[in-house]
Amino acid sequence: MCIRDSTYPAPSVGDLDAQPGLEVVFPAYDGVMHAYLSTGEPMWTYGFGSASPFVGASEALIVDLNGDGSPEILFATYVGGDSDSPSGEAHLIVLDAGGNELHKVPLSGRGSMAAPSVADLDSDGTLELVVSLKDAVGGGEGGVQIWDLPGAGDNCVLWGTGRGNTLRQGYVPAS
């Protein structure tokens, strides 16, 4: 894989195709999420925005949200402008392992630059999703949203937060 550009947001790593090797998923500043096979060949791309007006994307999560044994790709987008007049609409986007859009949910304000996180926060056996928005919502009381993810268990969280885990080290154990 050889992609030439100045910089890219952090990549995510996980097994998307149940074949030997791990795939790499990352957003680019041209409004495209890329997935590459472990061989370095392109797997898929997904257009989430544009360069003008700018729409960026967070680091992606790789987690089985519906319990079918195949991971989904989940990420947030963000837009420019100020909090009172964003330059576009931001979303929480869920793709299947093949890069096909499953859900696209509008986010408040300018969206979220930070990678979302999934974890079983309340120890009920079901994952919750945490999204930290760029702007406060409601009466200016903050911009952290927590959503229940019914049907999602913690047995298939391949890349569940920024840089992969709570230590933010990007470590993926060899299988």
- How many angstroms lie between atom CG of Leu74 and atom OG of Ser58, to the nearest 0.5 angstrom? 8.0 Å

- Task: Look at the side chain of Thr45 and the backbone N and O of Val32, then say whether any donor-acceptor pair between them is shorter than 3.5 Å.
- Result: no

- Query: Where do Thr161 and Glu59 come nearest, in terms of heavy atoms and distance?
  - Reply: O-OE2, 3.9 Å

- Item | Sub-4.5 Å side-chain heavy-atom contact between Ser108 and Asp135 | no

- Could you grab the distance from atom CG of Leu129 to atom CD1 of Ile146, nearest 0.5 Å is fine? 9.5 Å

- Separation of Leu22 CG from Asp17 CG (nearest 0.5 Å): 9.5 Å

- Query: With the 4.5 Å side-chain cut-off for hydrophobic clustering, are Met33 and Leu37 part of the same group?
  - Reply: yes

- Inter-residue atom distance Tyr46.OH - Asn100.CG, 0.5 Å rounding: 10.0 Å

- Ile93 to Phe48 - nearest heavy-atom pair and separation: CD1-CB, 4.0 Å

- Note: Ile73 and Asp96 closest approach over all heavy atoms is CG1-O, 4.0 Å

- Arg110 side chain to Gly81 main-chain N or O, any donor-acceptor pair under 3.5 Å? yes

- Pair Glu72-Asp68, side chain to side chain contact (heavy atoms under 4.5 Å, CB included): steps then yes or no: CA-CA 10 Å; Glu72 282 75 42; Asp68 68 353; 4.0 Å; yes

- Any donor-acceptor N/O pair, Asp148 side chain to Pro150 backbone, under 3.5 Å: no

- Report the residue from Lys104, His91, Met113 that forms a side chain to side chain contact (heavy atoms under 4.5 Å, CB included) with Thr77. His91

- Query: OG/Ser12 to CG/Leu61 distance, rounded to the nearest 0.5 angstrom?
  - Reply: 7.0 Å

- Determine, stepwise, if the pair Asp120 / Glu128 fulfils side chain to side chain contact (heavy atoms under 4.5 Å, CB included). CA-CA 6 Å; Asp120 184 2; Glu128 285 78 35; 3.7 Å; yes

- Task: Give the minimum heavy-atom separation between Phe75 and Ala57, together with the two atoms involved.
- Result: CD1-CB, 3.9 Å

- Message: Quick check: closest heavy atoms across Ser112 and Leu107, and the distance to 0.1 Å?
- Response: N-CD1, 4.2 Å

- Task: Compare every heavy atom of Gly49 with every heavy atom of Val55, then report the nearest pair and how far apart it is.
- Result: CB-CA, 3.8 Å

- Item | Leu102 side chain reached by Asn66 side chain, heavy atoms, under 4.5 Å | no

- Query: Could you state the interatomic distance from CH2 (Trp44) to NE2 (His34), rounded to the nearest 0.5 Å?
  - Reply: 10.0 Å

